[in-house]
Asks: 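Quick one: this structure, given as structure tokens, is what I'll be asking you about.
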Amino acid sequence: MIITITMNPSVDITYLTNTFKLGQLNRTKTPTINIGGKGINAGRAAALSGSDVTLTGFIGGKIGDLTQILLEEEKLFNIQMNQVSGETRHAVTIMHDEGKHTEVVEEGPKLDDTNIQELLEKVLHISKEKPVNAICICGSANSTDAFLFPKMIQYLKDNLEVEIPILVDISGEKLTCLLKDNSVTPDFIKPNEHELGDFVGKTITTKKEALEALHLSCFDGIKFVIASLGEQGAVCRINDVYYDVRIPKIEIKSTTGSGDATVGGFAYALEQNFDTKQMLKYAMACGMSNAQHEESGKICREDVLAFTQFIEVTAI
Ligand code: ADP
């Protein structure tokens, strides 16, 4: 089984309109509504790959109830979300004027130490009931504790009865704190070019620049580091061997969630004991397949398997 942790899920509302004018009444057709959150998206990709997936994290209030109902309707995963006070957030996107989009994203319920402790205990409890092959901690958390993620990883490493790979996909200050905290290392991280660039304080647009960053000592000890670069594929550091992953050009619909699908695909590949090259190919192919769908985390397994035939992984 794969457990994903989504600290701050969202009800994603997307309006499609020809024009959008500030300070005026804008009328639109009914929006599409999806449940978002990086851990949930990763869970979708892993479940659609064939894994047994349990979603954990936090939901709150009436919007939390809606989140639960919509997730149940997907019939993809076991849902074990904890209740928290406050309302699960909305994330509103207005797609307008042929290609522009405007977003309004709420901050979501504040999390305190008790919430975190209850969540971690639930994860431990689930892992005692069934063998768990990966735990994915993905996305932001509305917590003022910059060291929240290193603390969560440490707690899990100290208290899990067996060793379980911990995959982490976070960004910004929380990623920086995790990488600078030498006392604890996740097993996997997947910064995209912007996240990696923010961390090293440079703009990263090429594989050469990303590869240079992966040599930094803060990545020592992390078994699987994937620096993803959208349509360029990725460069990776796996057990201190560096890889270039080249992907073919494809038609795309929306790349939102491609990184999350990559994480979910990697968790599935770990569960299947794929070798390194197969793991990277499968994870990348999930990101590609997601880019061919409007919905975040959605993949088509047949397409994923077909894409893996055209992905090239070379040690560099
Ligand atoms: P994130 O969503 O975290 O920003 P990326 O945009 O780097 O992550 O996407 C993750 C992976 O998804 C890429 O490494 C690639 O395999 C796939 N992907 C993303 N964008 C595209 C694209 N335009 N064409 C083909 N594959 C893509």
Side-chain angles (χ1 to χ4, degrees), residues 1-13 33-44 46-47 53-74 76-93 103-129 132 134-156 158-160 166-175 177-178 186 257 260 263-264 296-297:
M1 181 204 276
I2 289 166
I3 297 177
T4 76
I5 302 179
T6 310
M7 312 287 276
N8 205 1
S10 56
V11 174
D12 295 345
I13 303 173
I33 299 186
N34 288 299
I35 301 305
K38 284 167 147 314
I40 292 170
N41 296 339
R44 274 188 195 113
V53 173
T54 296
L55 301 182
T56 67
F58 300 102
I59 50 174
K62 295 238 164 7
I63 312 300
D65 295 343
L66 174 66
T67 304
Q68 173 85 22
I69 291 167
L70 293 180
L71 285 175
E72 279 168 6
E73 278 179 6
E74 291 188 45
L76 281 179
F77 6 63
N78 318 301
I79 303 162
Q80 298 255 10
M81 305 295 279
N82 282 14
Q83 290 288 335
V84 67
S85 60
E87 291 285 338
T88 291
R89 62 189 176 145
H90 293 104
V92 179
T93 303
E103 289 179 57
V104 181
V105 179
E106 298 171 22
E107 65 177 8
K110 272 225 147 39
L111 302 175
D112 62 24
D113 290 350
T114 313
N115 300 139
I116 304 297
Q117 191 56 36
E118 283 169 3
L119 168 74
L120 292 170
E121 275 162 24
K122 176 166 282 181
V123 172
L124 292 182
H125 178 75
I126 297 168
S127 69
K128 277 181 194 143
E129 288 188 328
V132 173
I135 298 174
C136 307
I137 306 177
C138 308
S140 65
N142 189 4
S143 153
T144 48
D145 184 353
F147 288 90
L148 172 68
F149 291 108
K151 286 182 195 164
M152 285 174 63
I153 297 165
Q154 188 68 61
Y155 182 87
L156 289 172
D158 289 346
N159 291 284
L160 284 165
I166 300 180
L167 283 53
V168 180
D169 188 16
I170 57 174
S171 57
E173 191 203 2
K174 294 206 165 69
L175 175 64
C177 289
L178 173 63
D260 309 336
V263 176
S296 299

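Predicted model only: the values in this text are computed from it and were never measured.
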Asks: Counting distance only, does the side-chain N/O of N142 pair as donor-acceptor with the main-chain N or O of G108 below 3.5 Å?
Replies: yes
Asks: Is V263 close to K38 at the side-chain level, that is, under 4.5 Å between some pair of heavy atoms?
Replies: no
Asks: Is the shortest heavy-atom distance from the side chain of L178 to the side chain of I153 under 4.5 Å?
Replies: yes
Asks: Using every non-hydrogen atom in the two residues, find where F149 and A141 come nearest and quote the distance to one decimal.
Replies: CZ-CB, 4.1 Å
Asks: Show the nearest heavy-atom pair for residues E87 and K62, with the distance to one decimal.
Replies: OE1-N, 3.0 Å
Asks: Between CG of L111 and CG of D145, what distance do you get to the nearest 0.5 Å?
Replies: 10.5 Å
Asks: In Å and rounded to the nearest 0.5 Å, what is the OG1 to CD1 distance from T93 to I13?
Replies: 9.5 Å
Asks: Does C136 reach the side chain of I2, with side-chain heavy atoms less than 4.5 Å apart?
Replies: yes
Asks: Just wondering, do S143 and M7 contact through their side chains at under 4.5 Å, heavy atoms?
Replies: no
Asks: Determine whether I35 and V11 make a side-chain contact, defined as any pair of heavy atoms from C-beta on separated by less than 4.5 Å.
Replies: yes
Asks: For C177 and A146, work out which heavy atoms get closest and say how close.
Replies: CB-O, 3.4 Å
Asks: Taking all atoms of both residues into account, what is the closest heavy-atom pair of N8 and S140, and its distance?
Replies: CB-O, 3.6 Å
Asks: Got a donor-acceptor contact below 3.5 angstrom from the R44 side chain to the S296 backbone?
Replies: yes
Asks: Hey, are the side chains of I59 and Q83 touching, using non-hydrogen atoms and a 4.5 Å cut-off?
Replies: yes
Asks: Can you tell me if D113 has over 12 outside heavy atoms packed within less than 6.0 Å of its CG?
Replies: no
Asks: Using the test side-chain hydrogen bond (donor to acceptor under 3.5 Å, both in side chains), find all partners of D12 that sit at least two apart in sequence or belong to another chain.
Replies: S10
Asks: Using atom types as modelled, flag every donor-acceptor pair under 3.5 Å from a side chain in residues 63-72 to any protein atom, sequence neighbours excluded.
Replies:
residue	atom	partner	partner atom	Å
T67	OG1	I63	O	2.7
Q68	NE2	E72	OE2	2.7

Asks: Pairs of donor and acceptor atoms involving the side chains of residues 115-124, under 3.5 Å and at least two apart or interchain, shall be tabulated with distances.
Replies:
residue	atom	partner	partner atom	Å
N115	OD1	D112	N	2.8
Q117	NE2	E121	OE2	2.9
Q117	NE2	Y155	OH	3.1
K122	NZ	Q80	O	3.4
K122	NZ	N82	OD1	2.7

Asks: Which heavy-atom pair separates V53 from F77 by the least distance, and what is that distance?
Replies: O-CB, 3.3 Å
Asks: Have a look at I5 and tell me which of V168, I135, I166, T54 forms a side chain to side chain contact (heavy atoms under 4.5 Å, CB included) with it.
Replies: I135
Asks: Locate the shortest heavy-atom distance separating G139 from I170; write the atom from each residue and the value.
Replies: O-CG2, 3.6 Å
Asks: When rounded to the nearest 0.5 angstrom, what distance separates OG1 in T4 from CG in D169?
Replies: 12.0 Å
Asks: Keeping the roles fixed (side chain from T6, backbone from I40), state whether a donor-acceptor pair exists under 3.5 Å.
Replies: yes
